[in-house]
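Here the structure is laid out as structure tokens; the discussion comes afterwards.
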Amino acid sequence: MSTDAKKYKDTLNLPSTAFAMKANLTQREPQIQARWEEMGLYARIREARTGAPRRVLHDGPPYANGDIHMGHLLNKVLKDIVVRSLTMRGFDSPYIPGWDCHGLPIEHKVVKDLGRKAAGMSFAEIRDLCRAEAMKWVAIQRDQFKRLGVSGHWEDPYLTLDPRYEAGIMDVLAELVERGYVFRQLKPIHWDIHDRTALAEAELEYAEHTSPSIYVNFPITSGVPSRWGDGPWHAMIWTTTPWTLPANVAIAAHPNLEYAGLRYIDPESGSETRTIIAAPLVDRVMGLRKVAEFEILGTCSGKELEGGSYRHVFIDRPGKFVLADYVTVEDGTGLVHTAPGHGAEDYRTGLAYGLPVISPVDASGRFQDSDGVPADLVGLQVFEANPKIIDRLRSDGSLYHHFNFRHSYPHGWRSKKPVIFRATAQWFIGVDRNDLREKTLEAIRTQVRWLPSWGQARIEAMVGQRPDWCISRQRAWGVPIPVLFDERNDYHHLTAESVRFFRDLFAKEGADAWFNRPIADLVPPDLDTEAHPVEFLRKGTDILDVWFESGSSHRSVVREPGYDAGPYPAFLYLEGSDQHRGWFQSSILTAVGTTGRAPFETVLTHGFVVDDKGQKQSKSLGNAVGAVEATETYGADVLRLMVASLDYANDVSLTERAIKEASEAYRKIRNTFRYLLGNLEDYARFDPESVDPGTLHPIDRWALYRLNGVIRDTTAAFESFEFYRAFQRLYQFCSVDLSSFYLDVLKDRLYAEHPTGPDRRAAQFVMARLHSALARLFAPIMPHTSEEVWDLIPDSPAKAPSVHLAPWPEPDPAFDDPHPGGLDWDFIQEAREVVFRDLEKLRAAKVIGSNQEALIEVGSPNPELQAKLSDLRRHMESTFIVSDVVVSPDRPEGATDLPGREVWFLARRSPHPKCERCWNLRPSVGEDREHPTLCCRCSAVVRSLNEAAG
RNA sequence: GGGCGCAUAGCUCAGUUGGUCAGAGCGCACCCCUGAUAAGGGUGAGGUCCCAGGUUCGAAUCCUGGUGCGCCCA
């Protein structure tokens, strides 16, 4: 570079900004967050929106256990984008995060850590440890969520263990009791007979266990097809739990299976038996005893058997034939021994057929003297009873076959002993009482907008089929069902009034009061202590299902004034699609049951986090991406950009690769901002309003026209929660319209024109608008970067102290003209593509390097077009970024036609000398004797600058 | 096994009521610039629109069946 060139370079207005190219988000974001905290940003936003129309997203509480994962990240970022965009668009949109703090996983963890000590501890002591465990994770997760830039009322989130919250749960329970939805009924649950305790699914461990396998003939009393001939007929069932036979009340067949009426001769006794088994199993079952002589006397479908009856094998009790879908021909006989007191499927079948739930087994697994249990079994533990029962069956001739086998069987996680299914009294919400199901379905159909729309069909099907809701759990860590019972009889006291008594108590002391206070303090006013003296009263030991707790948040949080989360019903719930069975359903059931309407106006769901192959992420598969680690490595804004770029209605792959792609996009967007800021550095020194819109070039107006479109489309995308559309629109605008076109075209004006001249100022006017609008449009997605970018624009009275306090950008109707300057921009864009292809050929042939070394000839055989081309000449020159465009009368050899336009172009090297300052090849270079290496534009600028300096 | 979904270039997404609908951006390859420089610009190569039937003059787009994947349930 010559000395002169260096000197001239100093007269250019090259970009300069403090906005670093390298984002360094992992360090910068915490600094920005600290500043928000310092300035009390959340409170200031709340204040600024006081009185504005409210739209409240009610947070679904994550479980307070473990570090956050990608699923949490997806959910919370989507929520934050919603809340931030609503806020900026002028709505009063508070966000009160919550946590689900009770429940088995925490209790399980605590008890496991305690080991053998747990047995000697009181409920109250265990509960204290559970609380500490929950609060520990609340604090950790809160910090992890905040690190993602999620804006909300983090100082006072709602916690399901908070007395305020627990009181709300009691309100819901009281109203459901008052309306007659709550009742008590037997239901089989997993039971550890060693520890004498109920177990949840998660507390089971599967281990090898030896069970008897027996085939038993039950005598049929009616229902055998008459075409099969005379009996006596039997039905052969198979079971691996002989001890459940005393509770047998039905035999289940599959409606579509074929059943055979079979006559066989017992190979040992030689006696003849007629019995029914599934036709496909005849050979296999007969083979068990190597029965040589048997014949099928007839067949029928399972459906035909329904309604038939039989006598219990050793108890004087009738049973009936029922149908069930789960019957298979995998094992057994195709006829399933059904004891609703001792099996989950049996219980369901029992509900469908109104069968009695019999469970003559006490807490230690011993037979009681009830339900016709034979005297020799009473007092025996069920596993000890098995051989006795088998002996009895063998001796009365009803046992067809018996052998022992080993298989996987559930054991208690603490006792390591085999568990049983045992019916115990549980509390339920009757879905069909008082038309709750119908009312809920009606609310689903008429009061809620489901996004995506298939969510409605999904929850409708679930609510339409769901059984009564069992709300009791036999655990310590939760909110008690405050029932008092008289130990002398079956009296249970649970009334609306009593529950409200405990509501008041819990509001003051928390649900711990139930466990800590003596029973004398817990007698509700409506309990008749004459009939049930305090000394005979006992506290119920059940707690509520945690889904009942979180499902009460519409009462505890949305309707309670203390949380700033109203009004009821909420504007929006936003969770993963699994919540159609979970929180959406528990919420709408309790809400309809208590208020008669849905607790939400809109339910928006997102899919699940999967890997690049579309398979779910899990630790065991080894394809899970850590959310905390990813945030520490890439920064929150990159991850947020990734989330925003995906159509979350489907499953989303949040993977290392996806993060890398988001990083690329982030870099492009960041550099676009950097370029805008670099050229606005001196913009502060004058009033933007002093720019006369009349000085804008047509292409400037075109850019603002495009910006209007971006603002409109982006706003619509946020409105409809389609953030990926906002992302695509913004990203492509930055990349295509701005970086590769408008900003590239602007360079000559920005760098070479007089710094305060009208041409440069016009460009800066547009760039300032682009910057201001884009910073705000990106703010819900990339809150940190938007803030950083906003911050670097010099202060002015109109500038909000944070981009998050700024109003949402509006399109400027002054720039709605798609053809500014009366120019055909479609034509210019098409021409640009054709010309660029030609220039590429020159470049490949080493004729030119940059576009500025080229000259474009253009012409048309059409005189009208030829005249138009002359008008467009200067605009083509700038948009093509070439030094010259000349309109020629004759089409030279080698020209390229613009398809369908009657216009041709020819690119060649410009014959003119290069201006040392602006690098254009211009005929005027050399005309100015003082600056012989400059074009006339540049010499004029330099002269003016020198005069100002001198 | 059942209910509800999803399936267009390597990736993220467009493709209104079936007829220039096979697109965009990114990525990739190659090239240029070196005055957005761990940046910027250009050109180009990529798709049996999951598969198989069917309806139709014509289907990525409608119907049926299947495959894969996800959520929920069993």
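Just so we're on the same page: letters track the sequence lines, and every chain starts at 1.
The residue among A:Arg837 and A:Gly455 whose nearest nucleotide of RNA chain B is located toward the 5' end is A:Gly455. Comparing A:Ala665 and A:Asn671 by the nucleotide of RNA chain B that holds the closest heavy atom to each, the one mapping nearer the 5' end is A:Ala665.
Here B:G46 is in the syn range [glycosidic angle within 90° of 0].
Qualifying ring pair (Phe, Tyr, Trp, His ring centres under 6.0 Å) partners for A:Phe421, counting only residues two or more places apart in sequence or in other chains: A:His190.
Atom NZ in A:Lys668 sits about 17 Å away from atom P in B:A24, given to the nearest Å.
Between A:His407 and A:Tyr409, the two ring planes are tilted [angle within 30° to 60°]. Below 30°, between 30° and 60°, or above 60°: for A:Trp583 and A:Tyr573 the angle between ring planes is below 30°, a parallel geometry.
With A:Val925 as the partner, the side chain to side chain contact (heavy atoms under 4.5 Å, CB included) test is satisfied by one option alone out of A:Cys935, A:Cys938, A:Ser939: A:Cys935.
Between the side chains of A:Trp919 and A:Asp748, no donor-acceptor pair of N or O atoms lies under 3.5 Å. Side chains of A:His931 and A:Thr933: a donor-acceptor N/O pair is absent below 3.5 angstrom, by distance only.
Pairing each heavy atom of A:Ile659 with each of A:Ala630, the nearest pair is CD1-CB, 4.1 Å. Taking all atoms of both residues into account, the shortest heavy-atom contact from A:Phe880 to A:Ile856 is CD1-CG1, 4.3 Å.
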Atom pairs under 3.5 Å: protein N/O with N/O of nucleotides 72-74 of chain B:
| from | atom 1 | to | atom 2 | distance (Å) |
| --- | --- | --- | --- | --- |
| B:C72 | O4' | A:Arg458 | NH2 | 3.1 |
| B:C72 | O2' | A:Arg581 | NE | 3.0 |
| B:A74 | O3' | A:Arg348 | NH2 | 3.0 |

Close N/O contacts between protein and nucleotides 9-16 of chain B (under 3.5 Å):
| from | atom 1 | to | atom 2 | distance (Å) |
| --- | --- | --- | --- | --- |
| B:C11 | O2' | A:Arg657 | NH1 | 3.1 |
| B:C11 | O2' | A:Glu661 | OE1 | 2.4 |
| B:C11 | O2' | A:Glu661 | OE2 | 3.3 |
| B:U12 | O2' | A:Ser645 | O | 2.8 |
| B:U12 | O2' | A:Gln728 | NE2 | 3.4 |
| B:U12 | O2 | A:Gln728 | NE2 | 3.2 |
| B:C13 | OP1 | A:Asp647 | N | 2.3 |
| B:C13 | O4' | A:Gln728 | NE2 | 3.3 |
| B:A14 | OP1 | A:Tyr724 | OH | 2.6 |

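Residue ring and nucleobase are stacked for A:Trp919 and B:G35, with a centre distance beneath 5.5 angstrom and an angle between planes beneath 30°.
The base of B:A36 lies outside donor-acceptor range of the side chain of A:Thr672, with no N or O pair under 3.5 Å. Side-chain N/O atoms of A:Lys747 and base N/O atoms of B:A36 include a donor-acceptor pair closer than 3.5 Å.
For A:Lys846, the side-chain atoms get nearest to B:C32 when compared with the rest of B:C4, B:G40, B:C32.
Across all strands shown, nothing is found opposite B:U37 as a Watson-Crick or G-U wobble partner with both distances under 3.5 Å. Here B:G1 sits opposite B:C73 as a Watson-Crick or G-U wobble pair (both hydrogen-bonding atom distances under 3.5 Å). Nucleotide B:U43 has B:A29 as its partner under the Watson-Crick or G-U criteria, with both atom distances under 3.5 Å.
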